[in-house]
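Keep in mind it's a predicted model, so treat the numbers as computed, not measured.
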Amino acid sequence: MPVRKYRRETSEISCCLKYLLFASNVILWLAALVVLSVGIWAWSEKDMFRNITRLHFIALDPAFVLIMLGGVAFLLGFLGSVGALRENTCLLAAYAIFLSVLLIAEIGFCALAFVLKDKGWIKDQATEGLKAFIRHYREDADQQNLIDWIQEDWLQCCGIDGPKDWDSNNYFNCSSIAIGSREACGVPFSCCRRRPQEVIKNKQCGYDVRKEGYPVDRNIHERGCLRAGEDWLEAHLISVAVCSVSLLVLQILGICFAQNLRADIYNQKSKWH
């Protein structure tokens, strides 16, 4: 007597879509975990958790920015990966909504920046941020390392419009000579040009360079960081645009994948009932 074989009804849920969404969000989740851990570690090293009174500089605190970015990405990766793996329509809906809000906020910011670019709003914000970095250069190690990286490695610049802007810092102000500051009328070492074959950076290369009578060849960057940033953006405009558009496309794909997977799960559950 022939044996009749019964074939189980295959699921209509796309495994490719499910595991693609899961894998991509696991990568995002792990990367966010690293960023969040670095931010929390940096804050703990500065003992910020017990010194909340210093939070008035929080918007310019690189560690806080890492915590915020890591936290948002961590939540997003968690919703996407767990929602896809567990086929949870609620988590997938939350993931799609969260990603949509971020997408709308990014598009709105880009539109606002484009509208206000000729009115100097972006330039004013960048100027205020750099002024705060310069004023509090010695008060926060993270901000100090960030401005040093901008001046020395990224833009090869000094100050906002030039080296004279460092006069707004108490340590580099020329009047600080009276209180014995060795850095008075100078600039940070990150303003100095690298010498050929230089292996170890001379941390005192910026001493006295703004004093009267100092040699004309100061061996420091004379261009301000604001102008250097504008030049860098003009030179890399296509790369920045491609990266921005790619990020937006990835977010749109994430929303579409989550919605399609959610619809497949809902349809499959409807058949079961």
Cluster check [X], [Y]: I/L/V/M/F/W/Y, side chain < 4.5 angstrom:
X    : Y    : result
I252 : L28  : yes
W154 : V240 : yes
L233 : L130 : yes
M68  : V38  : no
I107 : V242 : no

Check: Which pairs count as salt bridge (charged side-chain N to carboxylate O under 4.0 Å, His left out) when at least one residue sits in residues 213-227, sequence neighbours excluded?
Finding: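 Checked against salt bridge (charged side-chain N to carboxylate O under 4.0 Å, His left out) - neighbours excluded - the pairs reaching residues 213-227 are R218-E222, R223-D231, R227-E230, R227-D231.
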Item checked: Listed once per pair and sorted, the salt bridge (charged side-chain N to carboxylate O under 4.0 Å, His left out) pairs that draw on residues 18-35, sequence neighbours left out ->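 Of all non-adjacent pairs touching residues 18-35, those that pass salt bridge (charged side-chain N to carboxylate O under 4.0 Å, His left out) are K18-E87.
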With rounding to the nearest 0.5 Å, note down the distance linking [atom1] in [X] to [atom2] in [Y].
X    : Y    : atom1 : atom2 : answer
T127 : D161 : OG1   : CG    : 7.0 Å
S14  : I265 : OG    : CD1   : 11.0 Å
L146 : Q151 : CG    : CD    : 10.0 Å
C110 : L248 : SG    : CG    : 6.5 Å
S246 : Q251 : OG    : CD    : 11.5 Å
I134 : C158 : CD1   : SG    : 8.0 Å

Min side-chain heavy-atom separation [X]-[Y] under 4.5 Å:
X    : Y    : result
L76  : L102 : yes
R262 : Y95  : no
F257 : L261 : no
R194 : E152 : yes
I147 : S190 : no
R135 : N169 : no
I67  : D61  : no
R195 : N219 : yes

Are more than 12 heavy atoms, taken from residues, nucleotides or ligands other than [X], located less than 6.0 Å from that residue's [atom1] atom?
X    : atom1 : value
Y19  : OH    : no
Y207 : OH    : yes
I238 : CD1   : no
R193 : CZ    : yes
N170 : CG    : no
K164 : NZ    : yes

Shortest non-hydrogen contact from [X] to [Y]?
X    : Y    : answer
S81  : V26  : CB-CG2, 3.8 Å
G71  : L36  : N-CD1, 3.9 Å
D140 : D142 : OD1-N, 2.8 Å
R210 : G186 : NE-O, 3.2 Å
L226 : A126 : CD1-CB, 3.9 Å
V72  : F98  : CG1-CZ, 3.8 Å

Check: Would you say the ring centroid of W166 lies under 6.0 angstrom from that of Y137?
Finding: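 Judged by ring-centre distance (under 6.0 Å), W166 and Y137 do meet the cut-off.
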Check: Is there a donor-acceptor contact under 3.5 Å from the side chain of S176 to the main chain of F172?
Finding: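 Absent.
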Next item on the list: Using modelled atom types only, decide if a donor and an acceptor are shared between the side chain of D165 and the backbone of G162 within a distance under 3.5 Å.
Entry: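 Yes; at least one donor-acceptor contact below 3.5 Å.
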Next item on the list: Could you note down all residue pairs passing disulfide bond (SG atoms under 2.5 Å apart) where residues 201-256 supplies at least one of them, sequence neighbours left out?
Entry: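 Qualifying pairs, neighbours excluded: C157-C225, C192-C205.
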Next item on the list: Return the orientation label for the F78 and F74 ring planes: parallel under 30°, perpendicular over 60°, tilted otherwise.
Entry: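 If you compare the ring of F78 with that of F74, the planes turn out parallel.
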Next item on the list: Look at K211 together with D208 and state whether they make a salt bridge at an N to O cut-off of under 4.0 Å.
Entry: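 Between D208 and K211 there is a salt bridge, with a charged N closer than 4.0 Å to a carboxylate O.
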Notebook entry, point to check: Are E183 and R138 within salt-bridge range, i.e. N to O under 4.0 Å?
Noted result: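 Yes, charged N to carboxylate O under 4.0 Å.
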